[in-house]
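Input: a single structure, listed below in structure tokens.
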Amino acid sequence: MKKITRALLAAAAAITLTGGLWSVPAGAAAPNWKASYKEYIKQMMKSDNGHLNSQDAEVVLVDLNRDGVPELIAGESYRTVNTVVAAVTFRNGKVVKLQQSGDGQGEESPINFNLGMSAFSVKSNNLKLYKISKTGEYIYIGEDGGSSAISWSGGDYAIRMNGTSLLSTEISTFSGSDDEGNEYENYSFNKKTVSKKDYDRLQKTYYAKMKEVKSGAVSVRPQDSYDFEQEKANVAGIERFLNSFKPF
């Protein structure tokens, strides 16, 4: 019932969207991403459907296409809850919604993200940036997944950005249960079932071809940028968060 209510509230909040954009008050000429994201965050928090007013929620800034302007991803991730509720970039002076396709382990995203917030989490160190040794290409990889009292699942997903679209590709997965009488562990690599031994070997070989580098991603708890009880933005907190991002 709680999940259904959240979905209905999310649909109601979507009415504030116009043409794929959150309405941002008109301001000074030539808006920059910081000024626009500040207004976006204010409205996002005000229209929250219950996911952001949570100790397990997170707002992330990460430059997924390495163009010097970060994307903004927001959502909640803890155990059985793993959902992205907002994902935007800044193009031509406007905050524009991101679309996502491909693999993932997210659930009940009001913006139809298959990837969960777990894959973008900075506080859990799940989002990492690698440089492929042979080609010099950079690639973000997020660890997505969740757990319950008796089971767990997770996986590594390559995340690439093209325009305003994100594509996630499954690298490997694992899952298991310690439910009495129903214990199991499953592993896959490149969408093929493998043994635990082969899983470890293939993972080691895959990551040996690249080197982890600083991702540049930063995050903030929603409560540090918005007072949900008073329904009032913490402007200083928002500005500290935005200023904490440093481009490559």
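Between the side chains of E58 and S121, at least one donor N or O lies within less than 3.5 Å of an accepting N or O. Side-chain contact of N125 with E143: a donor-acceptor pair under 3.5 Å is absent, judged by distance alone. Using modelled atom types and a 3.5 Å distance limit, the side chains of Q99 and S165 yield no donor-acceptor pair. With no hydrogens or angles considered, a side-chain donor-acceptor pair links E76 and S54 at under 3.5 Å. Under 3.5 Å, the side chains of S188 and T193 contain no donor-acceptor pair of N or O atoms. Checking Q105 against Y157 by side-chain atom types alone, a donor-acceptor pair falls below 3.5 Å.
Tested against D227 for a side-chain contact (heavy atoms from CB on, under 4.5 Å), the candidates Q223, E231, Q230 yield a single pass: Q230.
A single hydrophobic cluster is seen to contain both L127 and M161, as judged by linkage of ILVMFWY side chains at heavy-atom distances under 4.5 Å, directly or through other members. L64 and V95 are members of different hydrophobic clusters when ILVMFWY side chains are connected at heavy-atom separations under 4.5 Å. With hydrophobic clusters built from ILVMFWY side chains whose heavy atoms lie under 4.5 angstrom apart, I238 does not share a cluster with V122. Hydrophobic clustering (ILVMFWY, side-chain heavy atoms < 4.5 Å, transitive): V69 and V218 are in one cluster.
Of the possible polar contacts, none joining the N82 side chain to the S77 backbone as a donor-acceptor pair under 3.5 Å is found. Checked by atom type and distance alone, the side chain of K211 never pairs as donor or acceptor with a backbone atom of A208 at under 3.5 Å. The main-chain N or O of E239 is found under 3.5 Å from a side-chain atom of N243 such that the two form a donor-acceptor pair. Judged by distance alone, the side chain of S124 and the main-chain N or O of N126 form no donor-acceptor pair under 3.5 Å. Remark: the backbone N or O of Y138 is not paired with any side-chain donor or acceptor of R66 at under 3.5 angstrom.
Applying the side chain to side chain contact (heavy atoms under 4.5 Å, CB included) criterion to E183, with sequence neighbours excluded, gives E180.
With respect to K34 and E39, no salt bridge is recorded, no charged nitrogen being found less than 4.0 Å from a carboxylate O. Salt-bridge check for K196 with D200: passed, with a basic side-chain N closer than 4.0 Å to an acidic carboxylate O.
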**Message:** salt bridge (charged side-chain N to carboxylate O under 4.0 Å, His left out), that's the test. Do K191 and D103 meet it? Break it down for me.
**Reply:** CA-CA 11 Å; K191 298 191 176 182; D103 308 308; 3.1 Å; yes

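Centroid-to-centroid, the aromatic rings of Y226 and F228 come within less than 6.0 Å. Ring centroid separation for the pair F245 and W33 comes in under the 6.0 Å cut-off. In this structure, Y130 has its ring center at least 6.0 angstrom away from the ring center of Y140.
Residue-environment remark: CG (N162) stays at or below the threshold of 12 foreign heavy atoms within 6.0 Å. Within 6.0 Å of NZ in K123 there are more than 12 heavy atoms belonging to other residues, nucleotides or ligands.
Here S118 contributes atom OG and Y78 contributes atom OH; the two are 13.0 Å apart, rounded to the nearest 0.5 Å. If you take CG on D178 and CD on E185, they are separated by 9.5 Å, rounding to the nearest 0.5 Å.
For the pair I171 and I141, the minimum side-chain heavy-atom distance is below 4.5 Å.
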